[in-house]
Amino acid sequence: MRFTYLLMYCSDFLLWPIAAIAVSRYNILDQAAKIICCLTVLTCFTETIALYYSHFYHFNMPVYAVFNIIQMALICVYFNYSIDIFYKKNLGYHFACISIILGILNLIYLQPINSFNSYYLVFESLGIISMSLFSFFRLLLMHEQLRIKYYIHFWIPVCFVFFWSVTFLSWSLHDYIVLFHASPLNILILEALTVIAEIITYSAIGFLFYYYPKMREKC
């Protein structure tokens with residue numbers, strides 16, 4: 001478990017400079033990127049609070065239960081501004097409202113706030129991956145001349161697909177492993193896989209914010 005805590009500390013330590021970079025770029029970001037900036041800052045504070053409760057109280061499920069709902073809503077709003085069809089019909093806001101309602105219903109009727117909300121995490125993973133893949137389709141369809149390798153709203157969905165694909169596997173298997181194969185090694189591997197995916201994703205998003213001015217010029 002000490003190895004997992006070490007990874008979690010590294011992840012949290014990494015988030016603070018990334019959040020600082022995102023905030024420093026806020027005034028020059030477009031509307032969609034500003035949403036990701038806000039999400040990055042919120043994630044930074046949430047992960048720090050969750051780590052504190054995990055270390056001192058050995059329990060942080062309520063922190064993530066609330067954060068996951070807010071996170072899903074913010075990502076839906078992000079796609080509202082980065083996908084043309086979503087923007088025209090405000091679909092991102094509609095999906096955000098639906099996600100909030102489903103999250104609250106899950107907490108009330110299925111998985112209480114003090115339990116591991118695997119159902120909502122699976123829904124969140126599938127929803128974000130689906131919206132990310134749809135954003136790729138719209139980019140290729142609507143922007144034939146776009147220099148896509150310099151376009152931040154191509155790379156952010158790439159980060160989402162990577163992170164949520166990896167964590168979808170670990171979160172969907174969480175209950176199974178805990179109930180039927182609850183060896184310390186299996187749980188350690190599951191938790192380490194998720195944290196490593198977080199570190200890679202946070203690093204990539206930090207890189208995007210840092211080079212945003214140059215990417216915007218070349219795009």
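FYI, side chains are in, hydrogens and waters are out, and symmetry mates aren't considered; it's all heavy atoms of this structure. This is a predicted model, so every value here is computed, not measured.
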Please give me the minimum heavy-atom distance between [X] and [Y], naming the atom from each residue.
| X | Y | answer |
| --- | --- | --- |
| Ser11 | Val195 | CB-CG1, 4.2 Å |
| Phe163 | Thr194 | CE1-O, 4.4 Å |
| Arg138 | Asp84 | NH2-OD2, 2.7 Å |
| Met131 | Ile83 | O-CD1, 3.8 Å |
| Leu208 | Cys159 | CD1-SG, 4.4 Å |
| Asn80 | Leu91 | OD1-N, 3.4 Å |

Residue pairs fulfilling side chain to side chain donor-acceptor pair (under 3.5 Å) with at least one residue in residues 96-110, sequence neighbours excluded: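 For residues 96-110, and leaving out neighbouring residues, there are no side chain to side chain donor-acceptor pair (under 3.5 Å) pairs at all.
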
Mind checking whether [X] and [Y] have side chains closer than 4.5 Å, heavy atoms only?
| X | Y | answer |
| --- | --- | --- |
| Phe160 | Phe79 | yes |
| Val166 | Leu193 | yes |
| Ser24 | Phe209 | no |
| Phe116 | Met61 | yes |
| Ser82 | Tyr87 | no |
| Lys88 | Ile85 | no |

Taking a hydrophobic cluster as the set of Ile, Leu, Val, Met, Phe, Trp and Tyr residues connected by side-chain heavy atoms closer than 4.5 Å, whether directly or through intermediates, do [X] and [Y] fall within one such cluster?
| X | Y | value |
| --- | --- | --- |
| Ile205 | Phe154 | yes |
| Phe45 | Val63 | no |
| Leu133 | Tyr151 | yes |
| Ile21 | Tyr211 | yes |
| Tyr57 | Leu51 | no |

Could you state the interatomic distance from [atom1] ([X]) to [atom2] ([Y]), rounded to the nearest 0.5 Å?
| X | Y | atom1 | atom2 | result |
| --- | --- | --- | --- | --- |
| Lys34 | Arg25 | NZ | CZ | 14.5 Å |
| Ile35 | Ile156 | CD1 | CD1 | 11.0 Å |
| Thr167 | Leu121 | OG1 | CG | 8.0 Å |
| Cys76 | Gln71 | SG | CD | 10.5 Å |
| Phe67 | Met72 | CZ | CE | 12.5 Å |
| Gln111 | Asn117 | CD | CG | 5.5 Å |

Those residues that, when tested against Ile113, pass side-chain contact (heavy atoms from CB on, under 4.5 Å) (two or more places apart):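 For Ile113 the side-chain contact (heavy atoms from CB on, under 4.5 Å) partners, ignoring immediate neighbours, are Pro62, Ala65, Val66, Leu107.
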
Only counting residues at least two apart or in another chain, list the ones meeting side chain to side chain donor-acceptor pair (under 3.5 Å) with [X].
| X | answer |
| --- | --- |
| Tyr93 | Tyr81 |
| Tyr212 | none |
| Thr48 | Trp16 |
| Tyr78 | His153 |

Tyr64 and Glu47 side chains, donor-acceptor separation under 3.5 Å: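 Present: a donor and an acceptor within the cut-off.
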
What residues, two or more places apart in sequence or in another chain, satisfy ring pair (Phe, Tyr, Trp, His ring centres under 6.0 Å) together with [X]?
| X | result |
| --- | --- |
| Tyr52 | Phe56 |
| Tyr150 | none |
| Phe95 | Phe86 |

Decide if atom [atom1] of [X] counts as having more than 12 heavy atoms of other residues, nucleotides or ligands within a radius under 6.0 Å.
| X | atom1 | answer |
| --- | --- | --- |
| Phe162 | CZ | yes |
| Phe13 | CZ | no |
| Tyr210 | OH | no |

Would you mind writing out the side-chain donor-acceptor pairs for residues 36-44 within the sub-3.5 Å range, not counting sequence neighbours?
residue: Thr40; atom: OG1; partner: Ile36; partner atom: O; Å: 2.7
residue: Thr43; atom: OG1; partner: Leu39; partner atom: O; Å: 2.7

Check against side-chain contact (heavy atoms from CB on, under 4.5 Å), Ile28 and Arg216: CA-CA 10 Å; Ile28 63 173; Arg216 188 175 62 174; 4.1 Å; yes

Sub-6.0 Å ring centroid separation between Phe59 and Tyr53: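 No: the rings miss the under 6.0 Å criterion.
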
Ring centers of Tyr119, Phe123 separated by less than 6.0 Å: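 Here the rings of Phe123 and Tyr119 have centres that are no less than 6.0 Å from each other.
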
CA sep, side-chain torsions, deciding dist, call: Glu124, Trp164, side-chain contact (heavy atoms from CB on, under 4.5 Å): CA-CA 8 Å; Glu124 188 176 4; Trp164 290 100; 3.3 Å; yes

Salt bridge (charged side-chain N to carboxylate O under 4.0 Å, His left out) partners for Asp30, two or more places apart: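 Salt bridge (charged side-chain N to carboxylate O under 4.0 Å, His left out) list for Asp30, sorted by chain: empty.
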
Derivation of the side-chain contact (heavy atoms from CB on, under 4.5 Å) call for Phe136 and Val161: CA-CA 11 Å; Phe136 296 150; Val161 170; 4.1 Å; yes

ILVMFWY cluster membership beyond Tyr26 - transitive side-chain contacts under 4.5 angstrom: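 Reading the cluster by chain and number, Tyr26 sits alone, since nothing else belongs.
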
Check: Trp155 side chain, Lys149 main-chain N or O, donor-acceptor pair, under 3.5 Å: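 Flag set: sc Trp155 to bb Lys149 pair under 3.5 Å.
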
